[in-house]
Amino acid sequence: MHENRELEENIIINKSDEIEGFGGWLIIFQLKIFLSLMIMIAAFLDGFTLLSHVYIAQLILYLLVLLFFYQHKISFRIIYLATALFGSVMLIIDGSYLQFSLDFIIETIFIIALFRSKRVQSTFI
């Protein structure tokens, strides 16, 4: 009986040690997505240009990331990766090499974290 109680206490302790949920660095990820959405909407509203259809496409991709993210679907990582690659290609085409360099560093950090994080693996299906 004493052994069963110790086993139950160990299980409870182990469960409380698990990292899951939208806390931690995923809060920063969510802020980044929302800020990116606001920047794209502002750029689109600034004036209709030849790149407006690109902003709409990237806006749709970011909305899909949020949709899958809040539905706890692990596939949001693939959509985010596609969104990041799409944005990087557009920065190169636009000739914004400094912005591309900064964006590349930030996106690489987030992508590595999304695919290696225990929090992501335990929170998303």
Side-chain angles (χ1 to χ4, degrees):
M1 177 133 167
H2 182 66
E3 290 176 20
N4 286 340
R5 182 174 218 160
E6 285 181 22
L7 182 61
E8 287 176 10
E9 287 175 4
N10 285 339
I11 291 171
I12 291 170
I13 290 170
N14 288 339
K15 282 190 175 185
S16 66
D17 289 344
E18 289 181 15
I19 300 174
E20 60 181 42
F22 292 134
W25 71 272
L26 284 177
I27 292 172
I28 297 169
F29 178 76
Q30 292 172 69
L31 287 173
K32 184 216 177 293
I33 297 297
F34 282 113
L35 288 174
S36 297
L37 282 169
M38 287 191 284
I39 290 169
M40 281 188 289
I41 290 170
F44 181 73
L45 295 176
D46 190 35
F48 189 81
T49 65
L50 293 175
L51 293 177
S52 293
H53 62 283
V54 173
Y55 287 119
I56 292 172
Q58 196 163 18
L59 180 70
I60 290 170
L61 285 172
Y62 271 115
L63 290 173
L64 284 173
V65 168
L66 282 177
L67 176 70
F68 281 69
F69 183 82
Y70 288 119
Q71 289 180 348
H72 294 260
K73 295 188 179 186
I74 196 92
S75 57
F76 86 92
R77 300 181 308 178
I78 304 299
I79 299 169
Y80 182 75
L81 178 62
T83 305
L85 290 173
F86 185 77
S88 296
V89 168
M90 295 318 302
L91 287 173
I92 291 173
I93 290 172
D94 192 35
S96 304
Y97 300 114
L98 178 60
Q99 181 64 36
F100 167 76
S101 300
L102 295 172
D103 197 50
F104 181 78
I105 292 168
I106 292 168
E107 296 295 354
T108 301
I109 291 169
F110 274 114
I111 290 168
I112 289 170
L114 286 173
F115 282 90
R116 299 192 75 198
S117 169
K118 292 185 188 309
R119 179 178 295 276
V120 171
Q121 292 171 4
S122 65
T123 302
F124 298 92
I125 301 169

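Excluded from the calculations below are hydrogen atoms, water molecules and symmetry mates; all remaining heavy atoms, backbone and side chain alike, are included.
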[X] to [Y] - nearest heavy-atom pair and separation:
X      : Y      : result
Leu91  : Gln99  : CD2-CG, 3.8 Å
Trp25  : Ser117 : NE1-OG, 3.3 Å
Val120 : Leu26  : CG2-CD2, 4.1 Å
Phe115 : Arg77  : CA-NH1, 3.5 Å
Ile111 : Ala84  : CD1-CB, 4.0 Å
Ala57  : Phe86  : CB-CZ, 4.1 Å

Return the orientation label for the Phe69 and Phe29 ring planes: parallel under 30°, perpendicular over 60°, tilted otherwise. tilted
In terms of the angle between their ring planes, are Phe124 and His72 parallel, tilted or perpendicular, with boundaries placed at 30° and 60°?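 Tilted: the ring planes of Phe124 and His72 meet at 30° to 60°.
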Looking at [atom1] of [X] and [atom2] of [Y], how far apart are the two atoms once the value is rounded to the nearest 0.5 Å?
X      : Y      : atom1 : atom2 : result
Ile92  : Phe104 : CD1   : CZ    : 9.0 Å
Ile105 : Phe100 : CD1   : CZ    : 10.0 Å
Phe68  : Ile79  : CZ    : CD1   : 4.0 Å
Ile60  : Leu67  : CD1   : CG    : 12.5 Å
Leu81  : Phe76  : CG    : CZ    : 11.5 Å
Ser101 : Ile106 : OG    : CD1   : 11.0 Å

Membership question, hydrophobic clusters at under 4.5 Å side-chain separation (ILVMFWY): are [Y] and [X] in the same one?
X     : Y      : value
Ile93 : Ile39  : no
Ile41 : Leu66  : yes
Leu85 : Ile33  : yes
Ile56 : Val65  : yes
Val89 : Leu102 : no

Using only atom types and a distance under 3.5 Å, with no angle test, would you say the side chain of Ser122 pairs donor to acceptor with the backbone of Arg119?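 A pair under 3.5 Å: yes.
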Residues forming a side chain to side chain donor-acceptor pair (under 3.5 Å) with Gln30, sequence neighbours excluded: Tyr70
